[in-house]
Amino acid sequence: MICIPITATNMEDALKDRDAASKIADIVELRLDYIKDPNLERLLKGCTKPVIVTNRPVREGGRFGGREKDRVSFLKLAIELHADYIDIEHDSRDMIHNVPADKTQIIVSCHNFSETPDNLYEIYQRLRQGNADIVKIITYAKDITDNIKVYQLLQQVTSPVISFCMGENGIISRILYKKFGSYLTFASLQAGKESAPGQISVHELFNTYQVQRQDSGMSVYGLIGNPVSHSISPVIHNTLFQEMGFNSIYVPFRVERIDDFIREFKRLPVEGYSVTIPHKESVLHYLDEIDPMAKKLGAVNTIVNRNGRLLGFNTDCEAALKTLERVNQVSGMNSLSGKKIILLGAGGAARSIAFGLKERGAHITIFNRNYERARLLADEVGCSSREMHDLSATGADIIINATPVGMFPAVDESPVDKSMLRPHMIVFDTIYNPVETKLLRDARDCGCKTVGGLMMFIHQAAAQYKLWTGHMPSLELIEKTAYRRLTGRE
Ligand code: NAP
């Protein structure tokens, strides 16, 4: 079930938000501690969805700063008025133990805003004693692996429990609440109306993660990277899962330490991962098997979990080549062989592109900010390298940017001076956010053929999806979904 907390600070707004939330949520939480002079009778009257009444004190992360007796008297009144649920803090529960509550379920809650302790089961056992119908244990995730502690708690419990982690690292426990086994999850009515850190909006929960389709048996996939919050991969893969009828969900994993993550997440069945910056290379050490192409490239962007064994693949290289070959064809040229290529960057993407182009017989020169890295890559591939300050592109057939220069939010930067661009050139920018970078705008102005990173992204996402499910998705659907998410336009 999805519960929307009402965080308005006056009665009129609270009533409006309560009505708006009732149209979408399964349960509405009235946060009396936010509302100035709350009239509980009015708030409960006419509400079309079940209600949780909460009056959180400052010590548990709420806003009620008055006397404890006054605070709890609102909860007693809620029981008298037959509210569906009240939420009472674990250290105040004795104050209502004599109050008959036949029509109201008692949620006994405990919040930890600084960490996720190891003894969650012990806390659960303590909280479930006495008058608790439902136990609520909310902690703060300092690291993504803290979510596993909550998952393990929820696998062990024998009575209804609401549990998830707060903070950016805890978002997955909010999204995967059915898989984890939590009684409900919270979502804000809209951005800016959150009642706790890491709470995402109900709109995002429905549109990006399609929680309405979730059940406890669904397969989990996800993106390993840092940062991951702006990635468009969740909306793409979740749309594909929905359209192609797979009972699966894809979520972002913000990973700081790849070794801890891989070890701890073996406890939660995750069927496959995408891997992005900065873990594409380091993840190789923690996999059970690596595809020969990924081994050669020294980078993995896709992981498949086959019966508990993690297998690594790389779909970037093929995706970049398909993109270039397509634009090359459109430009009336039938092969990449013999083409003079300037490749900017010597990181993971540049590496995939350099090896792929070498196999197609292209003449590549690598330029990189850190020249030593360019030289080492060029030696491995068997091509040339030059210092960045020697960059002169005028003789090139194709220029490829495989650096993040020009990526959102630095959208007015370009790695190549416009004066170097000539009309006969093909310019390929691997960046896909924005869809058209400054480099591509400049190139278009100069009459070059241009192609952006979105096409490469589409091909690599499709190849990933096929590795996980065995089915090739529609490239048009990926493009439509990605374009809509990136530009807000159809
Ligand atoms: P990476 O492994 O971290 O490598 C980044 C490269 O960019 C390095 O060569 C780095 O140079 C260079 N660089 C970073 N900041 C720079 C700056 N301010 N000025 C000049 N050079 C700079 O990252 P990656 O995975 O290769 O990704 C690189 C780009 O490719 C990103 O923009 C990413 O969005 C794009 N990409 C796109 C797709 C797609 O599907 N469209 C897939 C993968 C990657 P140093 O060696 O000097 O640090």
Side-chain angles (χ1 to χ4, degrees), residues 223 225 230-233 235-237 239 274 276-277 301 315-333 336 339 341-345 347-354 356-357 362 364 367 393 396-418 420-464 473-490:
L223 169 67
H230 291 295
S231 170
I232 59 169
S233 294
V235 74
I236 296 207
H237 287 296
T239 303
S274 315
T276 188
I277 296 174
N301 78 332
T315 65
D316 279 339
C317 178
E318 269 309 300
L321 287 179
K322 276 188 181 149
T323 303
L324 267 175
E325 276 169 346
R326 177 89 190 102
V327 72
N328 202 36
Q329 259 173 18
V330 171
S331 314
M333 294 178 248
L336 291 168
K339 291 282 171 321
I341 299 195
I342 282 183
L343 177 58
L344 305 172
R351 209 178 153 76
S352 303
I353 294 169
L357 283 173
I364 311 149
F367 292 79
D397 298 310
I398 300 176
I399 299 176
I400 303 171
N401 176 34
T403 78
V405 179
M407 191 158 81
F408 179 85
V411 295
D412 290 323
E413 290 178 15
S414 168
V416 180
D417 197 279
K418 193 174 176 181
M420 292 184 192
L421 302 170
R422 299 288 178 273
H424 70 274
M425 293 175 174
I426 291 174
V427 178
F428 171 30
D429 199 333
T430 61
I431 292 170
Y432 62 81
N433 187 9
V435 171
E436 191 178 50
T437 57
K438 175 162 183 349
L439 171 62
L440 294 184
R441 282 199 307 276
D442 288 349
R444 192 162 45 84
D445 278 355
C446 296
C448 312
K449 287 271 176 314
T450 62
V451 60
L454 189 55
M455 207 30 82
M456 173 177 167
F457 180 83
I458 291 164
H459 283 297
Q460 69 78 26
Q464 247 171 18
S474 144
L475 297 180
E476 288 72 29
L477 178 59
I478 303 179
E479 183 173 11
K480 208 170 99 182
T481 311
Y483 192 80
R484 191 190 299 135
R485 178 52 69 108
L486 288 167
T487 65
R489 299 194 302 271
E490 291 299 326

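- With a 6.0 Å radius and a threshold of 12 heavy atoms from other residues, nucleotides or ligands, R484 has its CZ atom above the threshold.
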> Going through the checks in order, is the side chain to side chain contact (heavy atoms under 4.5 Å, CB included) test met by I398 and L336?
Replying inline: CA-CA 10 Å; I398 300 176; L336 291 168; 3.9 Å; yes

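- Taking 4.5 Å as the limit, every side-chain heavy atom of F428 sits out of range of all side-chain heavy atoms of V327.
- You'll find the side chain of E476 stays beyond 4.5 Å of the side chain of K480, heavy atoms only.
- Closest non-hydrogen pair, G356 versus C317, comes out as CA-SG, 3.7 Å.
- Checking side-chain atoms of S274 against main-chain N and O of L223 turns up no donor-acceptor pair under 3.5 Å.
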> Where do K438 and D442 land on the salt bridge (charged side-chain N to carboxylate O under 4.0 Å, His left out) test, with the steps shown first?
Replying inline: CA-CA 6 Å; K438 175 162 183 349; D442 288 349; 2.9 Å; yes

Just distance, no hydrogens or angles: give the donor-acceptor pairs under 3.5 Å from side chains in residues 406-415, sequence neighbours left out.
{"from": "S414", "atom 1": "OG", "to": "V416", "atom 2": "N", "distance (Å)": "3.2"}
{"from": "S414", "atom 1": "OG", "to": "V416", "atom 2": "O", "distance (Å)": "3.1"}

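- Side chain of H424 to backbone of A396: a donor-acceptor contact under 3.5 angstrom is found.
- One finds the CZ atom of R422 at 13.5 Å from the CG atom of D397 (value rounded to the nearest 0.5 Å).
- Here the straight-line distance linking atom CG of L486 with atom CZ of R489 works out to 10.5 Å at 0.5 Å rounding.
- From I353, atom CD1 reaches atom CD1 of I341 across 9.5 Å, with rounding to the nearest 0.5 Å.
- The CE atom of M456 lies 4.5 Å from the CG atom of D316; values are rounded to the nearest 0.5 Å.
- To the nearest 0.5 Å, atom CD1 of residue I342 and atom CZ of residue F367 are 5.0 Å apart.
- Closest of all the heavy-atom pairs between I232 and R485 is CG2-CG, 3.6 Å.
- Counting only heavy atoms from C-beta outward, the side chains of I400 and L357 approach each other to under 4.5 Å.
- For E325, the side-chain hydrogen bond (donor to acceptor under 3.5 Å, both in side chains) criterion is met by R360, not counting sequence neighbours.
- Using a 4.5 Å heavy-atom cutoff, the side chains of I399 and N401 are not in contact.
- The ring-ring contact (aromatic ring centres under 6.0 Å, His included) search around F457 returns Y432, not counting sequence neighbours.
- With values rounded to the nearest 0.5 angstrom, E479 atom CD is found 10.0 Å from I236 atom CD1.
- Contact between A402 and T430 at its shortest, heavy atoms only, is CA-OG1, 3.6 Å.
- M425 and M420 make their closest contact through CE-O, 3.4 Å (heavy atoms, listed as atom of the first residue, atom of the second, distance).
- V235 approaches T481 most closely through the heavy-atom pair O-CG2, 3.9 Å.
- Across all their heavy atoms, G345 and A350 have their closest contact at O-CB, 3.1 Å.
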